[in-house]
Amino acid sequence: MIDSILCEILDIKYPIIQGGMAWIANGKLAAAVSNAGGLGIISAMNSASLVEQVSIAREYTDKPIGVNIMLMNPEAEKIAAVVCELEIDVITTGAGLPNKFMPMWREAGVKVIPVVASASVAKLVERSGATAVIAEGCEAGGHVGEIGTMALVPVICDAVSIPVIAAGGIADGRGMAAAMMLGAKGIQCGTVFLSAHECDIHDVYKEKVLSAKDTDTILTGKRLGHPVRSLKNSFSRNFFKMEYDGNISNEELESYGSGSLRKAVVDGDTSGGSFMAGQSAALVKTKRSCEEIVSSIANEASALLLEASKWVR
Ligand code: TUI
């Protein structure tokens, strides 16, 4: 059994947090992860759907749940206020600095765990009252920073005194054990949960994740200042080419990308959809329940950490 301070802080069995995937992480998935002993997270798309998804999650579980707020979302301000009225346990944030919302969230008694991609941002959010930070390396899916998990996690562990949760490239017990050796107190996984029975993405999306190999993801959007990792397909390859075409404006690029994640998740549109996934897609080979995913990652990590002394004499 993994022993981590994070389990006490968050009142969970295993220090495994589910990533807040836009269009994907709904109340049903979050409840399944929380019932499995991890921390399920609902992605807040807008305030009305958030209220609905939190109530769905509450129907399925009485365990702690969290909400992810993507700070680039034009509705972030409204969602930030609404979330205080819902009895949720944890807020995770992504794609920006959550500092201006922190006093309001802390006053509402919510634990705040920002996703960060650098040591400087980790220090900033620690100072503004974060409970823990998620150090997300660029192996992750969706919007990513520049530094890989292997270098980022120990750098952030040295920079802050709050617990650090590792993310990016982790989909099994080997990744979890390695993250703990880097100083992390827990992990966040997104991609592996795309394969879960309880994850309601289009079957085409699920199959693309299950068949992905190590070289099947691509980074696009660097020119726009928000790099995104997704599976290679005609949409992401075209986007990549357009970024290097000086005749194409940033507005044209933005409009080419808009709505593409929905096309992948809801329609399973193989040519026009953005199938966001991390490099760990190559490790995801079977459909399983959240219960199987969470317990197998934790049990495999426990076994490896128990055996770690074999490397020393
Ligand atoms: O946020 C994510 N991953 C995401 S958000 C998303 S939605 C989207 N849809 C279409 C296009 C673009 C995005 C899909 N995936 N991960 C957390 C994350 N946060 N990664 C990197 C950061 C981050 C970056 C900079 C956190 C803080 C930060 O602060 C510095 C600053 O400049 O704001």
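Hydrogens, waters and symmetry mates are skipped; everything else that's a heavy atom, side chains included, is used. Start at 1 and go down the list; that is how both ligands and their atoms are numbered.
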Would you mind listing which atoms of ligand 1 come within a distance below 4.0 Å of any non-hydrogen atom of [X]?
X	value
G142	14 (C), 15 (N)
G94	1 (O), 17 (C), 19 (N)
M276	9 (N), 10 (C), 14 (C)

In sequence, state the C-alpha distance, the side-chain angles, and the governing distance for E77 and K100, and then conclude on salt bridge (charged side-chain N to carboxylate O under 4.0 Å, His left out).
CA-CA 10 Å; E77 196 109 7; K100 66 172 173 181; 3.3 Å; yes

Do the charged groups of D216 and K213 touch, with an N to O distance under 4.0 Å?
yes

R223 bridged to E254 by N-O distance under 4.0 Å:
no

Side-chain donor-acceptor pair present, E126, S161, cut-off under 3.5 Å:
yes

Between the candidates P227, S258, A95, G257, which shows the shortest non-hydrogen contact distance to atom 22 (C) of ligand 1?
A95

Option nearest atom 13 (C) of ligand 1 (shortest heavy-atom distance, choices E254, M72, E136):
M72

Tell me which protein heavy atom sits closest to [atom], plus the residue, atom name and distance to 0.1 Å.
atom	answer
atom 26 (C) of ligand 1	V115 O, 3.3 Å
atom 5 (S) of ligand 1	M70 CG, 3.4 Å
atom 28 (C) of ligand 1	G96 N, 3.8 Å
atom 11 (C) of ligand 1	V228 CG2, 4.0 Å

Might you confirm whether atom NZ of K123 has over 12 heavy atoms from other residues, nucleotides or ligands at distances under 6.0 Å?
no

How does H143 reach ligand 1, if at all, at less than 4.0 Å between non-hydrogen atoms: by side chain, backbone, both, or neither?
both

Logged contact type for V121 with ligand 1, heavy-atom cut-off 4.0 Å, is side chain

A side-chain contact here means heavy atoms from C-beta on lying under 4.5 Å apart; do V192 and R288 qualify?
yes

Heavy atom of protein closer than 4.0 angstrom to atom 32 (O) of ligand 1:
no

Determine the sole option in K111, R58, K63 for which the salt bridge (Lys or Arg N to Asp or Glu O under 4.0 Å) test with D89 is passed.
R58

Any atom of ligand 1 sitting under 4.0 Å from a heavy atom of L261?
no

Quick one: do M176 and I17 end up in the same hydrophobic cluster if we chain Ile, Leu, Val, Met, Phe, Trp and Tyr together by side-chain heavy atoms under 4.5 Å apart?
no

Just say parallel, tilted or perpendicular for the rings of H143 and H226, cut-offs at 30° and 60°.
tilted

